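To keep things clear, I will list the structure first and then write my remarks on it.
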Amino acid sequence: EEFLVEISGTTVTITCPLAEDDVVWKSTGGKAGTSNERKYIITDHDSSPANLSCSSDSSGTRHELYLNARVCANCEELDALTVTGIIAADLLITLGVLILVYYFSKDRKGRASPSPAPRPRGQKMQRPPPVPNPDYEPIRKGQREVYAGLESRGF
């Protein structure tokens, strides 16, 4: 047994879980509403919390509800089909843009560009070793006298 709460714009409709027709509603806090048998309707609800209770004189049972419903005056209600259509259209547009970008970028690869000529794509040719610089030759055995005059400095 649960309350049924329906929100449409700023109108909140609460249905009592009792099956009897002689339902009495009591509200503390929030805005007063109109009761219609099992339904309690609050028009122009201001999103303030309210304690509601519905009871029946014939059965003596009472149900309580704490209502903390957020409402807005200019909200639009969307059904599942509309939301699905919006998402599908967005995906199709995105896919179309991706395809256009792919085809336009594909055409640019074939055009000549002012950059330097590309390297030949055949077999890799071996390069000869670089010409050694005589100022930076490594020390070899028997050549230590060339560097004997250089001493390390102490800091």
Side-chain angles (χ1 to χ4, degrees), residues 1-133 135-136 138 152-155:
E1 294 183 3
E2 293 182 350
F3 285 92
L4 176 64
V5 179
E6 300 171 43
I7 301 170
S8 177
T10 58
T11 303
V12 180
T13 306
I14 302 123
T15 305
C16 185
L18 295 173
E20 292 87 17
D21 289 335
D22 58 342
V23 175
V24 178
W25 287 90
K26 289 185 184 173
S27 172
T28 56
K31 202 165 196 176
T34 58
S35 60
N36 179 8
E37 296 176 3
R38 292 180 52 207
K39 294 190 182 229
Y40 187 75
I41 301 168
I42 304 172
T43 55
D44 298 327
H45 185 59
D46 58 355
S47 298
S48 61
N51 287 318
L52 300 169
S53 65
C54 67
S55 59
S56 174
D57 292 334
S58 60
S59 66
T61 58
R62 179 178 172 175
H63 292 279
E64 294 188 7
L65 170 74
Y66 176 74
L67 179 69
N68 191 9
R70 298 267 180 203
V71 297
C72 62
N74 55 359
C75 294
E76 288 292 326
E77 296 180 23
L78 298 175
D79 59 339
L81 186 63
T82 305
V83 173
T84 305
I86 290 170
I87 292 172
D90 183 36
L91 289 174
L92 288 174
I93 290 171
T94 303
L95 184 65
V97 169
L98 285 173
I99 290 171
L100 286 173
V101 168
Y102 172 75
Y103 280 116
F104 280 118
S105 67
K106 187 176 170 184
D107 291 342
R108 286 190 172 194
K109 288 181 184 175
R111 293 183 189 161
S113 62
S115 62
R119 289 186 242 154
R121 293 196 174 230
Q123 284 183 327
K124 287 188 178 180
M125 298 176 63
Q126 267 191 333
R127 281 197 226 163
V131 177
N133 188 343
D135 293 335
Y136 296 103
S152 63
R153 291 187 227 166
F155 289 104

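Computed from heavy atoms alone, side chains included, the values below leave out hydrogens, waters and symmetry copies. Worth saying up front: this structure is predicted, and the values here are computed from it rather than measured.
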Revision key, fill the gap. Scanning both residues in full, the closest heavy-atom pair of L52 with Y40 reads CD2-CE2, 3.7 Å
**Study point:** Residue Y102 excluded, over 12 heavy atoms near OH under 6.0 Å
**Key:** no
Study note, to complete from the structure: Distance col, row N51:CG vs L67:CG, nearest 0.5 angstrom, shows 9.0 Å
Review point. Can you name the one residue among I93, L95, I87, T94 that meets side chain to side chain contact (heavy atoms under 4.5 Å, CB included) with L91?
Key: I87
Practice item. Mind checking the CD1-CZ spacing from I7 to R70? Nearest 0.5 Å is all I need. Key: 11.0 Å
Revision key, fill the gap. Nearest heavy-atom contact between L65 and F3 is CB-CE1, 3.7 Å
Check your understanding: Rounded to the nearest 0.5 Å, how far does NE2 of H45 lie from OG1 of T10?
Key -> 9.5 Å
Point to revise | Short side-chain to backbone donor-acceptor contact, S47 and V71, under 3.5 Å | key: yes
Point to revise | Qualifying residue for side chain to side chain contact (heavy atoms under 4.5 Å, CB included) with K26, from S55, S53, C54 | key: S53
Practice item. Would you mind reporting whether T82 and D79 have side-chain heavy atoms less than 4.5 Å apart? Key: yes
Check your understanding: Where the side chain of R38 meets the backbone of L18, is there a donor-acceptor pair that is under 3.5 Å apart?
Key -> yes
